[in-house]
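Below is one structure, written out as structure tokens; the observations come after it.
Note on naming: letters A, B, ... go to the chains in the order of the sequence lines (proteins, then strands), and numbering restarts at 1 for each one.
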Amino acid sequence: MSGVGLEKDTGPAPEAAGAAGALLELRDLHVCYGAIEALKGISLTVAEGEVVALLGANGAGKSTTLKAASGMLAPRTGEVLLRGERVDGIKSHELVHFGIGHVPEGRRVFARMSVLENLRMGAYRLRRPDPDDLDRVFSLFPVLARRRKQVSGTLSGGEQQMLAIGRALMGKPELLLLDEPSMGLAPLIVRQIFEILKEINAQGTTLLLVEQNASQALRLADRGYVLETGTVVMADAAPALLSDPRIRAAYLGEVPE
Amino acid sequence: MSLSDIWDVLVLGVVLGSLYAVIAIGYTLVYGVLQLLNFAHSEVFMSGGFGGVIALTLVEPAAGPTGLQSAGYVLLGMGAGAVLGGAVAFGLEKAAYQPLRRRNAPRLVFLLTAIGASFFLYNLAGKLFGRYPMKMPTMYENKKLFEVFGAGVSVTQLIIVLAGVLMLLTVDLVVNRTKLGSGIRAVAQDPEAAALMGVDIDKVVSRTFVLGGLMGGVAGFLFGTNLQVDYTMGFLPGITAFAAAVLGGIGNVRGAMLGGLTLGVVESFTVEIWGDAWRYVGAFAVLVLVLMFRPTGLLGERVGRTA
Ligand SMILES: Nc1ncnc2c1ncn2[C@@H]1O[C@H](COP(=O)(O)OP(=O)(O)OP(=O)(O)O)[C@@H](O)[C@H]1O
Ligand SMILES: [Mg+2]
């Protein structure tokens, strides 16, 4: 699956946040599924307020990285730090209380619940849901307000993606992990979702964004990492990655010279 | 069969059906969160019967009790049934199923464990309480209270239906309106996503067992009041209630209620028309027929708010 031919030649990104100030830091993370080692020593940082993109081919380990960060998977070795505090080994239902929101691959909305019930589930971790949060989600995603009573399984793909993001926002995350929010959506909807992500970031939420849609992701992101078969092969500022010929060839469909 | 007979049979069916519905909830809730057919639930029901009989034997109800005393005895019996049912369900999940979940055991292992736990529990009850049926101490004079279209309704029958309806309303409220309920529904639909919302799956599963156990326990006491209590009492009502849960659409709470009432009424008419030997044939024939035309059960496919 490492057909893109990137060599592991890039050092830490020039603008990478110092480890001390990082909101999220992954240190030499190894994650295995049984005998298969999916992550072979991933290190990355996300500073407060940043948008960081995580790119890579199918099977590179992007989803696995997010799952390790949100406690869905426990790393075999390596560390996950939130604000410098080790959180690896803490299960996902507890880690949400540390301010991590994870919008999983494939949206995973509760299909038999209404839109409103899904959003309430997003606030499950809070003792008392904040009505302002609901207003905020509805103003970010007006379509959800219009469809609040609709059973979520009958929403369109784009609407489900919006619901998944809105649901995660209801838990008041400081760091939002997004796994391929553009998957299977029409270009117009993708643009719309990226606009909203920009807005969410401007409102103060840090984003770690996994994407196949490299051009959209890198235009939104401050920095980016490229994964290949479980290792980081490139890390740089987003504009630098966007103009890198290897990235352009591998992810933006340009024929290399 | 005259018209008033029909009402008599219907009253019997509704009484039986309320019990089946309450027991079926226990199967369906657990199936919802774990996709587990918890065959040991019939022994949770039996435990409730023993809980009630033991508590009442200990207090020795007075002869010719006042209305207030009678109410106290009944509440004590229900409370004891609920406590024992809930405790057995809790322990069952912790001792038998949680270790399997931790190890990600295949589904078949869960099923075998459920059957094994069922055998273990009813034989344990036989050892502890003897193999002879125990009669519930008399808590009140079981007289005819009133008539519905000529069919008499006794005190016991009224208690069973009232308690059944109350429990069904309560569980519906818990599942649809409380935080535990949203946890149960979320885990039933997508456990991983539920965990990402902060739902502690272990806790929700454990509480689901307890919720089903409390109700199954009360049903065991009520059943024992109507007939008697013995260590094998769980088997047939358990199987029938399980069938009721499947008939209604396993995993669906309102389906379990509908399935329970249906099978209770069908059973009652079968006995009336063809005799007691055919008691379970009618109900199971209905089950097979419905599943042939609607494999998901009566409410199984309904996309709704119920888990
Ligand atoms: N549950 C699992 N069991 C076994 N192997 C798995 C499991 N989940 C992922 N893997 C393997 O781990 C590797 C990384 O998978 P991952 O889902 O993280 O990739 P990805 O970068 O998100 O890919 P995609 O872009 O297709 O979503 C793949 O080789 C995959 O086959
Ligand atoms: Mg993925």
Counting only heavy atoms not in [X] (residues, nucleotides, ligands), do more than 12 fall under 6.0 Å from its [atom1]?
{"X": "Phe90(B)", "atom1": "CZ", "value": "no"}
{"X": "Lys198(A)", "atom1": "NZ", "value": "no"}
{"X": "Tyr280(B)", "atom1": "OH", "value": "yes"}

So do His93(A) and Lys203(B) actually touch side chain to side chain, heavy atoms under 4.5 Å?
no
If you tally heavy-atom pairs under 4.5 Å against chain B, which of Glu94(A), Met170(A), Arg167(A), Lys91(A) wins?
Arg167(A)
How far apart are the closest heavy atoms of Met121(A) and Met197(B), and which atoms are they?
O-CB, 3.4 Å
Taking all atoms of both residues into account, what is the closest heavy-atom pair of Arg112(A) and Gln189(B), and its distance?
N-OE1, 2.9 Å
Starting at OG of Ser92(A), measure out to CG of Asp200(B) and round the result to the nearest 0.5 Å.
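Ser92(A) atom OG to Asp200(B) atom CG measures 9.5 Å (nearest 0.5 Å).
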Within residues 123-147 of chain A, which positions have a heavy-atom distance to chain B below 4.5 Å?
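Residues of residues 123-147 of chain A touching chain B at under 4.5 Å: Tyr124(A), Arg125(A), Leu126(A).
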Taking only distance into account, with no hydrogens and no angle test, what donor-acceptor pairs under 3.5 Å do side-chain atoms of residues 95-110 of chain A form with protein atoms, sequence neighbours excluded?
{"from": "His102(A)", "atom 1": "ND1", "to": "Ser70(A)", "atom 2": "OG", "distance (Å)": "2.7"}
{"from": "Glu105(A)", "atom 1": "OE1", "to": "Ser63(A)", "atom 2": "OG", "distance (Å)": "2.7"}
{"from": "Arg107(A)", "atom 1": "NE", "to": "Gln161(A)", "atom 2": "OE1", "distance (Å)": "3.2"}
{"from": "Arg107(A)", "atom 1": "NH2", "to": "Met183(A)", "atom 2": "O", "distance (Å)": "2.5"}
{"from": "Arg108(A)", "atom 1": "NE", "to": "Asp190(B)", "atom 2": "OD2", "distance (Å)": "2.6"}
{"from": "Arg108(A)", "atom 1": "NH2", "to": "Asp190(B)", "atom 2": "OD1", "distance (Å)": "3.1"}
{"from": "Arg108(A)", "atom 1": "NH2", "to": "Glu192(B)", "atom 2": "OE1", "distance (Å)": "2.9"}

